Amino acid sequence: MYSNKVLETFANPRNVGEISDADGVGTVGNAGCGDIMKVYLKIENDIIIDAKFKTFGCAAAIASSSTATEMIKGLSLDDALKIKNADVVEKLEGLPPQKIHCSVLAEEAIAAAIEDYRAKKA
Amino acid sequence: MYSNKVLETFANPRNVGEISDADGVGTVGNAGCGDIMKVYLKIENDIIIDAKFKTFGCAAAIASSSTATEMIKGLSLDDALKIKNADVVEKLEGLPPQKIHCSVLAEEAIAAAIEDYRAKKA
Amino acid sequence: MKNGIYLDNAATTRLDERVLEAMMPYLTDIYGNASSLHFFGRQAIKAVDEARASVARLLGAKTGEIYFTSGGTESDNWAVKGAANAFQRKGKHIVTTAIEHPAMLETCRELEKQGFEVTYLEVDKDGLLSVEDVKKAVRDDTILISVMFANNEIGSIQPIADIGSFARDEGILFHTDAVQAVSSIKLDVNELNVDMLSLSAHKFHGPKGIGILYIRNGVRISKLITGGHQEKSARAGTTNTPGIVGLAKALELTVENMAQTNKRIKALRDYFIERVENEIEFCHLNGGREKRLVSNANFSFDFIEGESILMQLDLKGIAVSSGSACSSGSLEPSHVVLAIGCPIEQAHSSIRFSLGQHTTKEEIDYTVQTLKETVETLRSWSPLFNVEKGEGKYV
Amino acid sequence: MKNGIYLDNAATTRLDERVLEAMMPYLTDIYGNASSLHFFGRQAIKAVDEARASVARLLGAKTGEIYFTSGGTESDNWAVKGAANAFQRKGKHIVTTAIEHPAMLETCRELEKQGFEVTYLEVDKDGLLSVEDVKKAVRDDTILISVMFANNEIGSIQPIADIGSFARDEGILFHTDAVQAVSSIKLDVNELNVDMLSLSAHKFHGPKGIGILYIRNGVRISKLITGGHQEKSARAGTTNTPGIVGLAKALELTVENMAQTNKRIKALRDYFIERVENEIEFCHLNGGREKRLVSNANFSFDFIEGESILMQLDLKGIAVSSGSACSSGSLEPSHVVLAIGCPIEQAHSSIRFSLGQHTTKEEIDYTVQTLKETVETLRSWSPLFNVEKGEGKYV
Ligand SMILES: Cc1ncc(COP(=O)(O)O)c(C=O)c1O
Ligand SMILES: Cc1ncc(COP(=O)(O)O)c(C=O)c1O
């Protein structure tokens, strides 16, 4: 059911970990639903210079976290917010229908982290 | 479904044919039901000295006709009337449930032929 | 003729060697459950997905419209009960024919017990349904029309596309039992205007115990077998991977070789009919000569009974059928042969010869010769036939 | 470990070579329809009759009480819908458990839509039902009790004979889904006091797509699949001869080798549980230690999600299952693991290891080692676990 790309990404996910002095942190999901995604961002001049994640969830959730954090590194916050779950799915060469929500979580976790940063800054 | 005995008997039935000067003839069944059995008896001193049959019907009907006519040859009429369908079934080493009625037809055809003889004589 | 002459291909067919070969990996190393996420399961689901895509392509359907079942009977049951159950609020009337397979007829009778009304349309002497009769039978509360594509006993082929186009105009669900048609008629669900279509693999050199129900996208019928999420949750039960792979391979081979096979079989069948009609007295071909499956010949031989013909031929190594194999537990004469107006006495005398891709001219010649002798022998045993006069009479 | 380590025998098993060998004649030369009267058919029905007799003997049943179906799901559907339909005038209440397989649960939910009432009995933390609860649940209008013999996820084994003897005293029909039990528990329908019992061949090294419903003589339930006269007119559809022969052979082998196989598997399974519990922190065995299938171990590993464990093990060549394979299309955590009182977070972390006759100690050692590494890795990726402190917390 998973594409090879998902399996590869899940086997060797990028950006796993925490950023101790993160500028923005976003957490979405809950353990009762089987997915928690936590995204850490390091931001300089409104540019994401580093992104890391920790995820409790299935292979699709972990692969989505890896791919999404990879995609936003180097982007401006506004451009990062333009990355939608469909873009993550495309990079992963597809997700099974019942796993699409994992890519949505990744989009939301990033948005939450950016919001956290903006809220703190404001 | 058929025992080997039925198949053998059906392959080489005994007593097929007519007796032109039969002393008793009995016909049972009808074409609409898929079975007609006609039994011819030659009788001397109340002893069946010859028996023949013609049958329109399935393998079980033909095998029953063969076996039943074989069984009554040499018997007195009263003894012939004691031959029941179950005896025919036994000689045939069994018949499938939906074919038991074929052995009943044989019993009835013989009874009808004996009755015909007795009616004519009376 | 040491191995026996098999002229009962309408009952079941020999599994094609290439089909068995295609199945073998799934009967040995690739045994995973197609619902499992691990490697063993992924190998299985890959094969199932490919099989489904191939079947869909060959039927002109979309991949998601093909559902695997345990055979033609389950497919027919699912289609009819599923439609009846899903649409009973809309109406309780079903239109079908008097010559359907028991898988359909018995299922309709079950539904009648539950308060549905079923119209069993008559056919003509060739075993053909008129589209006009279908039109006349339809009512406001008709929820399903189900007409078999080709008959299993006399091979008559119905005007499915025309009935389908009428049904579509009326907005009535249309199902066809194409179990007998598939081996010699190229099926395209769109050209046929069908909403549902049943197939069974063992009728086209595939394995036993596996079939298909095609259900057009958008058509929502109730489930017959509930449980796990297999077949998009529409038909539960652990996926029969080897069966599915076998079915798909068999369908590929069938469609690929159809034109050629049909030509060969039809020539042999026509030769067979001609010789039987010329060389055996008092016999009747049941069903018409046109719109008939190329593999089918069904004769009544007057004054003798069908099963005894069958058994005599069997003693000589020839396998045929009297009535449908499925109803051989019964004593009734074929409801199909009766439905085309054959008198009951003659209906008791009917024999179906169904040729297959392996049938040879030599086999047909031996069969005709053996049949002649058999008919002659049985007539000499029959109280309805006078050998000297060479004539018979039903008393 | 090049060929992969298969620890998912509860999902399906490898077809035994000796079973395939027994099936081969029926996949090649002996292809006749078992309903056909001719030689090809007689060869087939002979094999089917022998298979049925052998199965009956192995289950302590009479030959006429064994009906072949397309698998466990169909058997469960038939038993429950057939009983519901046949006895609805007597009552509309059914008693079952909360931990049944979807083949039973979904079927009961269908019946609820049709106006039946179903009591789903709770089980204790070991996954066990109390006979007292069954007694309390029964009402005047209870027409069927259906309790699975052994659970497919946690392997808990229910007191079937006791429930059966109560049901018999009450005159209530009793069905058991023995699909998971058969490979390691000797079944005797009389000792078990069951009226109906479901089996599926692919769970004991038989072929996929074939199963059994045992129906005690005298019990009359409605048909599920109607049509021809097969299976004494109780289950229509062309007889799946190779499947039936394979099922019978697989059952013979299973029963023959059961004592020995159980001993081997249980020793390995106990060793596995012991090592996992000793070597991996924050893990819980789901289900009890007694009254548990010898092949089953089901663990929750805190702070990480089950499917990701499964997929990581798969990357290293180990096949296991999270929840039941049948519900893997779903995102819900296992209803069984929840039913034994496991919190939902931990239910998301459950993994089933099901050993089989081919499992080796070497494989178990490799699995424990790999599992340790996998759990460690995934915990290091989890926001719920603090690697430095070596502890976790559900937020
Ligand atoms: C026309 C027709 N429909 C349905 C069936 C049932 O198919 P199966 O026996 O494979 O279930 C058959 C054959 O038996 C058939 O000939
Ligand atoms: C307990 C139980 N019941 C029923 C079934 C259904 O059997 P099948 O999938 O062979 O139809 C299974 C397995 O899937 C099972 O484990």
Side-chain angles (χ1 to χ4, degrees), chain C residues 4 6 8 11-15 20 27-28 31-33 35-41 70-74 76-77 101-103 106-107 110 200 202 207-210 223-230 233 236-243 307 310-311 314 319-321 325-330, chain D residues 4 6 8 11-15 20 27-28 31-33 35-41 70-74 76-77 101-103 106-107 110 200 202 207-210 223-230 233 236-243 307 310-311 314 319-321 325-330:
Chain C
Y6 190 72
D8 202 10
T12 195
T13 57
R14 188 186 174 108
L15 189 62
L20 180 56
L27 290 168
T28 53
Y31 58 91
N33 186 319
S35 297
S36 296
L37 294 178
H38 49 64
F39 179 69
F40 294 84
S70 68
T73 299
E74 184 192 324
D76 284 350
N77 271 258
H101 187 271
E106 290 303 315
T107 303
E110 282 297 317
S200 188
H202 72 94
K208 293 178 171 61
I210 188 85
K223 300 172 198 181
L224 182 67
I225 298 184
T226 42
H229 291 278
Q230 296 89 353
S233 296
T238 297
T239 306
N240 180 355
T241 312
E307 195 218 274
L310 181 161
M311 294 303 298
D314 177 57
V320 300
S321 155
C326 293
S327 45
S328 70
S330 131
Chain D
Y6 190 73
D8 202 10
T12 195
T13 56
R14 187 186 174 107
L15 188 63
L20 180 56
L27 291 168
T28 52
Y31 58 91
N33 186 318
S35 297
S36 296
L37 295 178
H38 48 64
F39 179 69
F40 293 85
S70 68
T73 299
E74 184 192 323
D76 284 351
N77 270 258
H101 188 271
E106 291 303 315
T107 302
E110 282 296 317
S200 188
H202 72 95
K208 293 176 172 62
I210 189 84
K223 301 172 198 180
L224 182 67
I225 297 185
T226 42
H229 291 278
Q230 295 90 354
S233 296
T238 296
T239 306
N240 180 356
T241 312
E307 196 219 274
L310 181 162
M311 295 302 299
D314 177 58
V320 300
S321 154
C326 293
S327 44
S328 70
S330 130

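Remember, predicted model here, so these are calculated numbers, not experimental data. Here is how names work: the chains are called A, B, and so on, in the same order as the sequence lines, proteins then strands, and each is numbered from 1.
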Heavy-atom closest contact (Thr73(D) atom, Thr226(C) atom, distance)
CG2-O, 3.5 Å
Choice from Gly72(C), Gly237(C), Pro207(C) maximising heavy atom contacts with chain D below 4.5 Å:
Gly237(C)
With a 4.5 angstrom heavy-atom cut-off, which part of Ile225(C) approaches chain D: side chain, backbone, both or neither?
both
So what's closer than 4.5 Å to chain D heavy atoms on Ser200(C): side chain, backbone, both or neither?
neither
Within the distance-only criterion (no hydrogens, no angle test), does the side chain of Asn33(D) pair as donor or acceptor with the backbone N or O of Ala11(C) below 3.5 angstrom?
yes
With a 4.5 angstrom heavy-atom cut-off, which part of Leu20(D) approaches chain C: side chain, backbone, both or neither?
side chain
Can you say whether Leu224(D) sits under 4.5 Å from chain C via the side chain, the backbone, both, or neither, judging by heavy atoms?
both
Which of Thr239(D), Thr238(D), Thr241(D) passes side-chain hydrogen bond (donor to acceptor under 3.5 Å, both in side chains) with His202(C)? Answer is Thr238(D)
Whether the side chain of Lys208(D) engages the backbone of Tyr31(C) through a donor-acceptor N/O pair (distance < 3.5 Å, no angle test) should be reported.
yes
Heavy atoms only: give me the nearest Val320(C)-His38(D) pair and the separation to one decimal.
O-CD2, 3.1 Å
From the list Ile210(C), Leu310(C), Leu27(C), Asp76(C), the residue making the most non-hydrogen contacts under 4.5 Å with chain D is Leu27(C)
Part of Ser233(C) within contact of chain D (heavy atom distance under 4.5 Å)
neither
Of the non-hydrogen atoms in Glu106(D) and Gly227(C), which two are nearest, and what is the gap between them?
CG-O, 3.3 Å
Which pair of non-hydrogen atoms, one from Ala319(C) and one from Phe40(D), has the smallest distance, and what is that distance?
CB-CD1, 3.6 Å
Please determine, among Gly71(D), Gly243(D), Pro242(D), Ala236(D), the option with the most heavy-atom pairs under 4.5 Å with chain C.
Ala236(D)
What heavy-atom pair brings Thr12(C) and Gly32(D) nearest, and what distance separates the two atoms?
CG2-C, 3.7 Å
Need one label for Asn240(C): side chain, backbone, both or neither, based on atoms under 4.5 Å from any heavy atom in chain D.
both
